[in-house]
There are 2 protein chains.
Amino acid sequence: MHTRRAFLAASAAAPAVLRGASTRTLDEIEKILASGNVKGRLTREDIPTPALMLDLDAFEHNVARMTKHLKDNGKAFRPHGKTHKCAEIARRLIQAGAVGACAAKISEAEAFAREGIGGLLVTSAPVGRLKIERALRLARLKPDTIFSVDNAQNVRELNDAAGAARIKFNLAVDLAVSSRTGITPGEPGAALAQLISTQPNLVFKGIQAYAGHSSHVIGFEARRKSSQEAMGRAVETRRMIESRGIECKWLSGGSTGTYNIDSSIDGITELQPGSFMFMDVDYNRIGGQDGEVYRDFKNSLTVATTVISKPADDAAIVDGGLKAFSTDKPFTPVAKGIDNLPYNWAGDEHGKLNLARASRAVNLGDRIEFVIPHCDPSVNLYDRMFCLRGDTVEAVWRITARGLSQ
Amino acid sequence: MHTRRAFLAASAAAPAVLRGASTRTLDEIEKILASGNVKGRLTREDIPTPALMLDLDAFEHNVARMTKHLKDNGKAFRPHGKTHKCAEIARRLIQAGAVGACAAKISEAEAFAREGIGGLLVTSAPVGRLKIERALRLARLKPDTIFSVDNAQNVRELNDAAGAARIKFNLAVDLAVSSRTGITPGEPGAALAQLISTQPNLVFKGIQAYAGHSSHVIGFEARRKSSQEAMGRAVETRRMIESRGIECKWLSGGSTGTYNIDSSIDGITELQPGSFMFMDVDYNRIGGQDGEVYRDFKNSLTVATTVISKPADDAAIVDGGLKAFSTDKPFTPVAKGIDNLPYNWAGDEHGKLNLARASRAVNLGDRIEFVIPHCDPSVNLYDRMFCLRGDTVEAVWRITARGLSQ
C-alpha cells in the first residue's frame with residue numbers, strides 16, 4: 001500500500017519540508033561518508049545537522065591573504081592549531097608556507113605530531129612530572145618541538161628530565177604580555193632566558209608572547225596602540241636577553257586581530273594567528289583598518305542547522321543550541337544569507353529564531369547556517385568538518401585534536 | 001649522570017610541584033587506561049588534566065534518592081540522557097528502576113540503542129525525510145521507542161513512512177509548556193493527538209511536556225507556582241484528549257529543579273530529570289525546599305585542573321578554560337575543597353584564580369577540581385569520565401553520545 005516511492009512522492013508534495021532537502025537516502029549518505037571517498041558525491045543538503053561546515057573558497061582566500069601578507073612583511077608564520085585542531089589544515093598551512101604549527105597543550109601537539117606535523121610550538125608550559133614525561137616523548141618524536149616555560153623550577157625539572165633521557169629540550173620563555181600565563185617581561189624574563197641558556201640539556205630558542213587582550217580591542221587605532229605597547233615589552237625583553245650575551249633570534253606572537261599591526265613591529269620574527277582562517281562574529285566586530293567591520297578575511301566556517309519546530313508564525317526552533325555553538329561571548333550566532341533573523345539561545349539542544357523582520361520566509365525543515373560567535377571552542381565541539389566547494393562536499397576533515405586540552 | 005631515579009628525587013625535593021602528584025609513570029598510566037581494567041589500579045592524581053571526574057558515592061546517593069522519591073510518589077522515572085550521554089549510566093539508572101531513557105536527538109538515542117538501552121523517548125521531533133529515515137531505523141532496532149512531534153505535516157509524513165516500511169511509530173505530542181519546541185497546549189495539542197490516533201501506522205502514546213523555564217526559577221515557592229502552572233496546562237490537555245475518547249495514559253515531564261513539585265501533581269505519570277545525578281553551580285543556586293542552597297543532591301561531577309603558571313603571588317593559572325567548561329551561565333566554576341578562590345575565564349585554554357583570600361596556599365603543579373557551572377554541555381566536551389571511589393579510580397566510562405546532537 002505504502003511503498004518507498006509513495007513516501008518520497010508524499011514528501012515531494014510537501015514543499016515547505018523539501019526546501020533544501022537531500023535527494024539521497026540516509027543509507028547512501030552514510031555509506032559515502034564511511035568510505036572516506038566523498039569528493040563530489042554529496043551536497044550540502046546531505047549533511048545531517050547540526051554540522052560544522054567549511055567553505056573552501058573562503059578558507060583558501062584567507063590562507064592565501066595571510067601567507068602573502070606575512071611573506072611581504074618578512075615575518076615567519078606559525079599558525080595556531082588551537083583554532084582548527086585539524087591535522088589536514090596544519091598540513092595545508094605548511095604547504096602554503098607556514099614553518100609549523102602552534103599547539104595550546106601537549107596533547108594537542110601530540111595529535112599533530114602523530115599525523116606527521118613538525119615545527120611545533122607548545123604555548124603552555126609542561127608542568128609536573130607527568131607532563132614532563134609527555135614532553136620527553138613528544139621531543140623524541142619531533143625533536144624540533146619548542147616548549148614554552150615561565151617558571152625557574154619548571155626549567156630545572158625539564159633540564160633534569162632531558163638529561164636523564166639523554167635528549168635536549170628546546171625552550172621558549174613565555175612572557176606575560178597579557179593576563180594569562182607567562183613571566184613578567186623585562187628583567188624577570190631575561191633572567192629566565194639566562195637560566196635556560198646555562199642548563200646543559202636545554203636549548204634557549206627565544207620568546208613566546210601572546211597579547212590575547214590586544215587581539216579583541218575594538219577599533220583599529222586603539223588595537224594598534226594596545227598591541228604595540230604589549231609586544232613592545234616583548235621586543236624590549238629580547239634586547240635585554242641579547243645584552244646579556246645570549247642569542248635570541250626568535251620572537252613569536254600575534255593574532256588575527258593584530259596581524260597587520262605586529263607584522264610591522266621590528267623585533268617580532270614570527271606570527272601565530274589562527275582564527276583568520278575561519279573568522280567568527282567576534283572578530284567581525286573588532287573593526288578593520290578601513291571600516292567598522294573587519295573584512296580582511298571571509299567567514300568560511302558555519303554551523304548548519306534545521307528548523308524542527310514552528311511554535312508561532314513569527315518563531316522557529318532550530319536544532320542547534322549550547323552543544324552546537326560555544327557561548328562564551330555576549331552575542332549569538334548570525335544567520336548566513338538571511339537578514340534580520342535574530343537567534344536566541346533556547347537551551348542545550350535548540351535555538352529560537354525571531355522571524356518578525358526576517359528577509360525571507362522560514363519554514364519547517366529549512367536548513368539555516370550560522371556564523372559562529374567564537375570559532376575555537378566551537379570547533380572543539382565537533383569530530384569532523386564538512387568542506388564545501390559551492391554546494392558540493394569536497395572533503396570531510398577529522399578534527400584530530402578535538403577534546404585534547406591536556 | 002641523570003638517571004630516572006635522580007629525576008624523581010629532584011621532583012621529590014620540590015614539594016610544591018609534588019602536592020597531589022602521581023607516583024606512576026605516564027607509560028604505566030596509559031597502559032592501564034588502554035587495558036580497560038582500571039579498577040583500583042589508578043588514583044585521582046594519575047589522571048591527566050583537564051579531566052571530567054565523577055564521585056561515585058555522591059552519584060549513587062543521588063540516583064538512590066531520586067529513585068526512592070519517585071517510587072514513593074507513584075511516578076515512573078525516565079531520566080534524561082542528554083545530561084550524561086553515557087550508555088553505562090543509562091544502564092545503571094534502569095537497574096535502579098528507571099523505565100528507560102530520554103534522548104534529546106535521534107543520534108543520541110541511536111547511540112544508546114546500539115548499547116542495548118531500551119525504553120527510549122526522543123524529545124525532539126524527527127523533521128524532514130532524512131530524520132524520518134533515521135527514526136525508522138531506530139524504531140526497527142528498539143520498537144518501544146517513542147518519538148515526540150508537534151506538527152501535523154510531520155505526523156502525516158511519519159505515518160506515510162511507517163506504512164511504507166510496514167512498522168508502527170509510537171508518538172508523543174510535544175506540548176509547548178515552555179518556550180522551546182511543542183504545540184500549544186489545549187485544543188491544538190488535543191487536535192494533534194486526535195490526528196495521530198486516526199493514522200493507521202501511528203500509535204498515540206501520550207504527552208511530552210518539558211517546562212524548561214520552571215526548572216531554574218530561584219526560590220522553591222516561586223518555582224512550585226511556575227511548574228504547577230506550566231504542567232497544569234499539560235494535565236488539562238491530557239483531560240481534553242481523553243474527553244475526545246482517545247486513551248492518554250502517559251504524561252512525561254519534570255526536571256531536577258521541579259522533581260519534588262511535579263511528583264505531587266496528579267495527571268503526570270512520569271518524570272525525566274537528568275542533572276540531579278551530577279548537579280552543578282546553576283542548580284545549587286535555585287534554592288531548596290528548606291534553604292537557600294539546593295542540597296537535595298550532591299555535587300558528584302567536577303573538572304580536574306592543574307596550576308600551570310603563577311604569574312603573581314595572588315594569582316594562579318589553571319589548565320582548564322572555555323574548552324574545559326561550558327560557559328553559558330553568568331557565573332564561573334567553583335573550586336571544591338578550597339574556599340574563597342574565585343575562578344575567572346582566561347581564554348580557551350586557561351582559568352585565572354584570585355588567591356588573595358583563598359583558604360589555603362595554591363602552588364605550581366597543584367591539582368584543583370571545580371564544580372561545573374552547567375553540567376549537560378560540559379559533559380558533552382569530554383570523551384570519557386573518570387569514576388572515583390574516594391581517591392581510587394574505579395572505572396572509566398565512555399561518553400557514548402558525545403557530540404551527537406543530530
Side-chain angles (χ1 to χ4, degrees), chain A residues 1-4 6-7 10-11 14 17 21-22 25-26 48-50 82 104-105 124-125 127-130 133-134 150-151 153 157 160-161 163-164 176 179-182 212 306 308-309 311 317 319 322-324 326-328 346-350 364-365 376-377 380-383 403 405-406, chain B residues 1-4 6-7 10-11 14 17 21-22 25-26 48-50 82 104-105 124-125 127-130 133-134 150-151 153 157 160-161 163-164 176 179-182 212 306 308-309 311 317 319 322-324 326-328 346-350 364-365 376-377 380-383 403 405-406:
Chain A
M1 186 176 80
H2 289 273
T3 60
R4 190 171 155 275
F7 166 57
S11 297
V17 171
S22 166
T25 68
L26 183 65
T49 63
K82 70 175 185 170
K105 305 284 182 70
S124 291
V127 168
R129 185 177 55 80
L130 291 176
E133 287 187 31
R134 222 156 168 165
D150 69 1
N151 180 283
Q153 176 183 303
E157 289 175 11
D160 292 347
S179 62
R180 298 178 194 168
T181 61
T306 301
I308 61 158
S309 181
I317 305 289
D319 59 356
L322 308 180
K323 290 177 182 167
S326 179
T327 60
D328 59 292
D348 303 337
E349 317 289 345
H350 304 115
L364 197 72
D376 297 28
N380 186 49
L381 295 168
Y382 293 88
D383 291 314
S405 293
Q406 293 74 34
Chain B
M1 187 175 80
H2 290 274
T3 60
R4 190 172 155 274
F7 167 57
S11 297
V17 170
S22 167
T25 67
L26 183 65
T49 63
K82 70 176 183 170
K105 306 283 182 69
S124 292
V127 168
R129 185 177 54 79
L130 291 176
E133 288 186 31
R134 222 156 169 166
D150 70 1
N151 180 283
Q153 176 182 305
E157 289 174 11
D160 291 347
S179 62
R180 299 178 194 170
T181 61
T306 301
I308 62 157
S309 180
I317 305 289
D319 59 356
L322 308 181
K323 290 177 183 168
S326 178
T327 59
D328 59 293
D348 302 338
E349 316 289 345
H350 304 115
L364 196 73
D376 298 29
N380 187 49
L381 295 168
Y382 293 88
D383 291 313
S405 292
Q406 292 74 34

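A, B, ... follow the sequence lines: proteins, then strands. Residue 1 opens every chain.
Both the backbone and the side chain of B:Asp383 come within less than 4.5 Å of a heavy atom of chain A. Of the two parts of B:Lys105, only the side chain, counted from C-beta on, holds a non-hydrogen atom closer than 4.5 Å to a non-hydrogen atom of chain A. Looking at B:Ala176, neither its backbone nor its side chain comes within 4.5 Å of chain A, counting heavy atoms on both sides. Only the side chain of B:Asp150 comes within less than 4.5 Å of a heavy atom of chain A; its backbone N, CA, C and O stay farther away.
Interface summary for chain B: among A:Asn151, A:Thr306, A:Asn380, the most heavy-atom pairs under 4.5 angstrom belong to A:Asn380. Of the listed residues (B:Pro48, B:Ala104, B:Ser405, B:Ala324), the one with the most heavy-atom contacts under 4.5 Å to chain A is B:Ser405.
Although no hydrogens or angles enter the test, the distance criterion places a donor-acceptor pair under 3.5 Å between the side chain of B:Glu133 and the main chain of A:Leu26. One N or O on the side chain of A:Gln406 and one on the backbone of B:Pro50 form a donor-acceptor pair closer than 3.5 Å. Side chain of A:Lys323 to backbone of B:Leu381: no donor-acceptor contact under 3.5 angstrom is found.
Closest approach of B:Thr25 and A:Arg129 over heavy atoms only: CA-NH1, 3.7 Å. Across all non-hydrogen atoms, the minimal contact from A:Gly182 to B:Ser309 is N-OG, 3.7 Å.
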Report task. Output, in order, the C-alpha distance, side-chain angles, deciding distance and verdict of side-chain contact (heavy atoms from CB on, under 4.5 Å) for B:Arg180 and A:Glu349. Result -> CA-CA 10 Å; B:Arg180 299 178 194 170; A:Glu349 317 289 345; over 6 Å; no
Query - Trace of the side-chain contact (heavy atoms from CB on, under 4.5 Å) decision for B:Ile308 with A:Ser124 - result: CA-CA 8 Å; B:Ile308 62 157; A:Ser124 291; 4.0 Å; yes
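Distance check, rounded to the nearest 0.5 Å: NZ of A:Lys82 to CG of B:Asp348 gives 5.0 Å.
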